[in-house]
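From a predicted model like this one, the values you see are computed outputs, not experimental measurements.
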Protein chains: 2
Amino acid sequence: MMDTVAPTGLSFKAQMRRAREGAIVGTVCRLMADKGFDAMTVDEVAAAVGIAKPSLYKHFPSKEDLAAAAMAHVLQRAGEYVAEVPLSLPPLKRLHAVLRWAAQVHLAGDLPILPGPRSPLRATLSVHPVYLAALRSVSAPLEGWIREAQADGSLNAALPPQAVLYALYARACDPLISLLQGTGQYSDDEILDLALSACFDGLRAR
Amino acid sequence: MMDTVAPTGLSFKAQMRRAREGAIVGTVCRLMADKGFDAMTVDEVAAAVGIAKPSLYKHFPSKEDLAAAAMAHVLQRAGEYVAEVPLSLPPLKRLHAVLRWAAQVHLAGDLPILPGPRSPLRATLSVHPVYLAALRSVSAPLEGWIREAQADGSLNAALPPQAVLYALYARACDPLISLLQGTGQYSDDEILDLALSACFDGLRAR
DNA sequence: GTCTATAAATAGATAGAC
DNA sequence: GTCTATCTATTTATAGAC
C-alpha cells in the first residue's frame with residue numbers, strides 16, 4: 001500500500017504545501033527559461049502562480065532561494081531520469097539518452113538558462129546544499145558513464161571526463177535549440193536530432 | 001598620408017567622441033559578458049568608464065541602445081576578422097579560425113552572453129539597424145563558407161547550413177568555455193582546443 | 001558636453017489584519 | 001497561511017547649472 005495517506009493529520013497539510021511549492025517551482029522554471037533569473041520578477045511569479053507575493057515569501061525566503069529551488073528541482077528530475085536509464089545500454093547510448101531528455105525539457109520551455117559566470121546567483125547556488133546535492137546526484141553517475149564510454153572506445157578519450165561532463169551540461173542549455181525553435185521551420189524531433197548530432201557527432205563530416 | 005587629421009575642425013571633436021564611445025562600448029561588453037544585460041546597471045557602466053551617468057545618455061538614448069551598440073561592435077569586429085581570413089584556406093579551416101577567434105574573445109571576457117529567448121533585449125535587437133547590418137556582415141560570408149565546406153565533403157552535409165551557422169553562434173558563447181576557465185586547471189590554449197574539438201569533432205570517438 | 005541633484009518607476013521584501 | 005497595503009532601496013532616465 002502506498003503511503004499517500006500519512007499516519008498523522010499534519011501530513012495532509014504538508015502535502016498541500018508541497019503541491020503548492022511544486023506549482024511555484026514549476027512556474028519559476030518556465031520564467032527562468034524564458035527571461036533568466038535577473039529579468040524575472042517576484043511579482044510575475046506570484047501572478048503566474050495565482051497567489052499573493054507575501055505568500056511566496058512564506059515558502060521561500062528570497063528570490064534567490066526561489067531560483068535555487070527551481071534549479072534543484074530540475075536537477076532532481078534529471079537525477080531520477082538518470083537512475084532509470086537501463087545499464088544494459090552501452091554507456092554512450094546512456095549519455096545520449098540523458099542529453100536527449102534534457103533537450104526535450106529545454107524545448108518544452110522548462111529548463112532555466114545557466115547564470116552568467118559572475119552572476120550573483122552563482123554565488124548563492126555554490127553554497128546551496130539542496131542544489132549541490134541534486135547536482136552531484138546527476139554528475140556522479142554521468143562521470144562514471146563518461147569514463148566507461150572512453151574505456152570502450154566510443155567516446156573521444158582525448159577529452160578530460162570533466163570537460164565532457166561540462167559539455168553535456170552546456171549542451172542541455174544549448175541556445176542552438178532555441179534558435180532552431182525560433183525559425184519555426186523544424187519539428188521538435190528534427191531539432192532534437194540536429195542538436196544531438198551537433199553535440200556527439202560534431203560539425204565535421206564523418 | 002593617413003587621414004587622422006581631418007579637413008575640418010569638427011572632425012577632431014568627432015574623433016574624441018568616437019573614442020569615448022569606444023571606451024563605453026568596451027566597458028559594456030565586459031559587463032554584459034560577466035553578468036548579462038539585465039544584471040548590468042547603467043550606474044556600473046558610468047562608474048567603470050569614469051564618467052557621469054547623464055553623459056552616458058548623451059551618447060546612447062537608453063540602456064538597450066547601449067547593449068545593442070555593444071553587440072553590434074562585437075559583430076563588427078567579427079566581420080572585420082572574417083574579411084581578413086585568407087580565402088586560400090579550405091572552407092572548413094576558415095570556419096575553424098573564426099570560431100577560434102570568437103572563443104578567444106570569450107575567454108578574454110569581452111563577449112556578451114546571448115539574451116534569453118524571450119528577453120526584452122531580443123526585441124530591441126531584432127529591429128536595430130546597426131546590429132542587424134553587423135550581424136549580416138558576419139552571417140553572409142559564413143553561410144557561404146558552410147555551403148562550400150559541405151560541398152567539398154569536409155563538413156557534415158546532413159545539417160542544414162542555417163543550423164550550422166546557429167551552432168557556430170551558440171558555440172562562440174559556449175558556457176563550456178567559462179566552466180573550464182572556472183576550474184583553473186587549464187591554460188587558455190587548452191580551453192580553446194577543447195572547446196573547438198568538442199564543436200567540430202564532437203564528443204564521440206573518431 | 002559634463003556634471004550635481006533629482007524625478008519617476010519598479011524592484012525585493014515585510015507589517016499587520018483576517 | 002493568505003491577503004491588502006506599504007516600506008525601502010535601487011534603477012532608469014532627466015532637469016538644469018556650468
Side-chain angles (χ1 to χ4, degrees), chain A residues 8-25 27-28 31-32 34-71 112 115-116 119-125 128, chain B residues 8-25 27-28 31-32 34-70 115-116 119-125 128:
Chain A
T8 79
L10 214 75
S11 181
F12 181 71
K13 283 189 183 173
Q15 275 201 352
M16 289 190 47
R17 182 184 178 85
R18 289 182 77 89
R20 174 154 304 195
E21 289 186 353
I24 294 170
V25 161
T27 298
V28 173
L31 285 172
M32 287 184 71
D34 262 18
K35 330 170 38 162
F37 171 76
D38 296 301
M40 174 189 80
T41 71
V42 180
D43 291 85
E44 284 175 327
V45 178
V49 176
I51 62 178
K53 191 162 46 166
S55 304
L56 263 189
Y57 279 96
K58 297 289 183 182
H59 291 274
F60 301 94
S62 75
K63 183 189 177 186
E64 304 198 342
D65 282 276
L66 212 51
M71 304 202 63
S119 162
L121 180 57
R122 271 280 244 273
T124 302
L125 293 177
H128 194 283
Chain B
T8 78
L10 214 75
S11 182
F12 180 70
K13 281 189 184 174
Q15 275 201 351
M16 288 191 47
R17 183 185 176 85
R18 289 183 76 90
R20 175 153 302 196
E21 288 186 354
I24 295 171
V25 160
T27 299
V28 172
L31 284 171
M32 286 185 72
D34 261 21
K35 331 173 34 165
F37 171 75
D38 296 301
M40 174 188 80
T41 71
V42 180
D43 292 85
E44 283 175 330
V45 178
V49 176
I51 62 177
K53 192 163 42 169
S55 304
L56 264 188
Y57 279 95
K58 297 287 183 182
H59 291 274
F60 302 94
S62 75
K63 182 188 175 186
E64 303 199 342
D65 282 276
L66 212 51
S119 163
L121 180 57
R122 270 279 244 273
T124 302
L125 293 178
H128 193 283

Whole-Å distance between [N] [atom2] and [X] [atom1]?
X: A:Lys35; N: C:dA11; atom1: NZ; atom2: C1'; answer: 13 Å
X: B:Met40; N: D:dA13; atom1: CE; atom2: P; answer: 11 Å
X: A:Leu56; N: C:dG12; atom1: CG; atom2: P; answer: 11 Å
X: B:Glu64; N: D:dA13; atom1: CD; atom2: C1'; answer: 13 Å
X: A:Gln15; N: D:dG1; atom1: CD; atom2: C1'; answer: 18 Å
X: A:Ile24; N: D:dG1; atom1: CD1; atom2: P; answer: 12 Å
X: B:Asp43; N: D:dA13; atom1: CG; atom2: P; answer: 11 Å
X: B:Phe60; N: D:dT12; atom1: CZ; atom2: P; answer: 16 Å

Does [X] make a side-chain N or O approach to OP1 or OP2 of [N] shorter than 4.0 Å?
X: B:His59; N: C:dT2; value: yes
X: B:Ser55; N: C:dC3; value: yes
X: B:Tyr57; N: D:dT14; value: no
X: A:Lys63; N: C:dG12; value: yes

Looking at side-chain heavy atoms only, is the closest gap between B:Arg17 and B:Glu21 below 4.5 Å?
-> yes
Indicate yes or no for a side-chain donor-acceptor contact from A:Lys63 to the backbone of A:Met40 under 3.5 Å, with no hydrogens or angles considered.
->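 Judged by distance alone, yes, a pair lies under 3.5 Å.
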Measure from the side chain of [X], starting at C-beta and using heavy atoms only, and say which of [options] lies closest.
X: A:Arg17; options: C:dT4, D:dG1, C:dA11; value: D:dG1
X: B:Pro54; options: C:dG12, C:dT4, D:dT11; value: C:dT4
X: B:Lys53; options: C:dC3, D:dA13, D:dC3; value: D:dA13
X: A:Ser62; options: C:dC3, C:dA13, C:dG1; value: C:dA13
X: A:Arg20; options: D:dT2, D:dA13, D:dC3; value: D:dT2

Step through the shown structure and confirm whether more than 12 heavy atoms of other residues, nucleotides or ligands are within 6.0 Å of CZ on A:Arg18.
->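 At most 12 heavy atoms, drawn from other residues, nucleotides or ligands, come within 6.0 Å of this atom.
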Among B:Val28, B:Val42, B:Asp43, whose side-chain contact (heavy atoms from CB on, under 4.5 Å) with B:Leu56 holds?
->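 Of the listed residues B:Val28, B:Val42, B:Asp43, the side-chain contact (heavy atoms from CB on, under 4.5 Å) partner of B:Leu56 is B:Val42.
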With nearest nucleotides of DNA chain C determined for B:Lys58 and A:Phe37 from heavy-atom distances, which residue corresponds to the more 5′ nucleotide?
-> B:Lys58
Between CZ of A:Phe60 and CG of A:Leu66, what distance do you get to the nearest 0.5 Å?
-> 6.0 Å
Looking at every strand, decide which applies to B:Met16 at a 4.0 Å heavy-atom threshold: base, sugar-phosphate, or nothing.
-> nothing
